[in-house]
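Here is how names work: the chains are called A, B, and so on, in the same order as the sequence lines, proteins then strands, and each is numbered from 1.
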Amino acid sequence: MENGTTKKKRKAVKILQILAERYGTTPWNWHTRRDPFRVLVGTVLSHRTRDEMTDAAARAVLARYPTPESLAEAPVEILRELVRPVNFFKTKAGRLKEIAQVLCERHGGCVPDTMEDLLALPGVGRKTAACVLVYGFRIPALPVDTHVHRISNRLGVVRTERGEETERELRDLLPDPWLLLVNELLVKHGQTICRPRNPLCSQCPVQEYCDAYGGD
DNA sequence: AAAACGGGGGC
DNA sequence: GCCCCAGTTTT
């Protein structure tokens, strides 16, 4: 006998299978970003900022300050210049330095691998901490950003007001292997097709599963 | 729960 | 020119 929750789980996994085919995401694609420090720096810079700008800034910072030790000593005015392309760059420049200092003082120059320790870092919330766990350590965690929240609700996989509720409900719905993929897949989908405004529903590979699909 | 932070690119 | 955007912290 199949109850409602089981049905939802099957639907959620089916959707992710289709999106994984569409966007070509596979576990070994993460190879390039397995260094937790790089993930942490890049994710902090990405807050409220588009990918293209984030990438340039993260590379600039990491090229000059490739370790927590060097970043902790970086002059904040130079950091500001390096991260100027991203939103909130003044705040983020200071935060990056603070984070690096805490890593050196409390964690022996390493990025911690628990949610609790990550959340204690300045400027690191649940989304960023989960990104470090998933992309840096491949520990199952669920980064819920605006894309994951919006798309999960449009699809009808969850019905939630806030990101934290989305995180709780999705976690119950998805087996661990899919937790590792859901953020990457939904962000790609959200940037290309399931956009906040004017989604391209006619091109959507999961329209038949979508509560919000209106026929486009 | 809502505002503050805070700036470049797309329309 | 206006509006939006891979969040977090503070009020």
(Q) Using the P atom as the point on both nucleotides, what is the distance between C:dT11 and B:dG6, in whole Å? (A) 14 Å
Expressed in angstrom and rounded to an integer, what is the separation of [X] atom [atom1] from [N] atom [atom2]?
X	N	atom1	atom2	value
A:Asp145	C:dC4	CG	P	18 Å
A:Asn87	C:dC5	CG	P	12 Å
A:His47	B:dG7	NE2	C1'	16 Å
A:Gln191	B:dG9	CD	P	16 Å
A:Lys127	C:dT9	NZ	C1'	16 Å
A:Phe88	C:dT10	CZ	P	14 Å
A:Glu164	C:dG7	CD	P	15 Å
A:Leu82	B:dG7	CG	C1'	17 Å

Quick one: does any side-chain atom of [X] pair with a main-chain N or O of [Y] as donor and acceptor, under 3.5 Å?
X	Y	result
A:Asp211	A:Asn153	no
A:Lys92	A:Val83	no
A:Tyr135	A:Glu184	yes
A:Arg162	A:Glu165	no

(Q) With nearest nucleotide decided by heavy atoms, which residue, A:Arg162 or A:Thr49, maps closer to the 5′ end of DNA chain B? (A) A:Arg162
Q. If each of A:Arg195 and A:Lys90 is mapped to the nucleotide of DNA chain B with the nearest heavy atom, which maps nearer the 5' terminus, i.e. the 5' end?
A. A:Lys90
Q) Can you check salt bridge (charged side-chain N to carboxylate O under 4.0 Å, His left out) on A:Glu167 and A:Arg126, steps first, answer last? A) CA-CA 10 Å; A:Glu167 185 186 335; A:Arg126 291 197 69 83; 2.8 Å; yes
N/O (side chain, [X]) to phosphate O (OP1/OP2, [N]) under 4.0 Å:
X	N	value
A:Thr91	C:dT8	no
A:Thr146	C:dG7	yes
A:Arg48	C:dC4	no

With a 4.0 Å cut-off on heavy atoms, is [X] in touch with a base, just the backbone sugar-phosphate, or nothing at all?
X	value
A:Thr43	nothing
A:Thr54	nothing
A:Arg84	nothing
A:Val44	nothing

Q) Does the pair A:Asp172/A:Arg168 count as a salt bridge with the N-to-O cut at 4.0 Å? A) no
**Q.** Nearest-0.5 Å distance that lies between atom CZ in A:Arg59 and atom CG in A:Leu82
**A.** 14.5 Å
Which atom pairs, donor and acceptor, lie under 3.5 Å between side-chain atoms of residues 108-121 of chain A and protein residues at least two apart or in another chain?
| residue | atom | partner | partner atom | Å |
| --- | --- | --- | --- | --- |
| A:Thr114 | OG1 | A:Asp117 | N | 3.2 |
| A:Thr114 | OG1 | A:Asp117 | OD2 | 3.3 |

Q | Joint hydrophobic cluster, A:Val76 plus A:Leu40, side-chain heavy atoms closer than 4.5 Å | A | no
(Q) Taking the ring of A:Tyr23 and the ring of A:His189, is the distance between their centroids below 6.0 Å? (A) yes
(Q) Quick check: on DNA chain C, is the nucleotide nearest A:Gly123 upstream (toward 5') of the one nearest A:Pro196, or the reverse? Name the residue that is more 5'. (A) A:Pro196
Q: Under 3.5 Å for both distances, Watson-Crick or G-U wobble, that's the pair rule; now give the dot-bracket for DNA chain B, with | marking pairs to another strand and [ ] for crossing ones.
A: |||||.|||||
Q.
Let's see if you get this right: which residues in residues 166-174 of chain A place a heavy atom under 4.0 Å from DNA chain C?
A. none
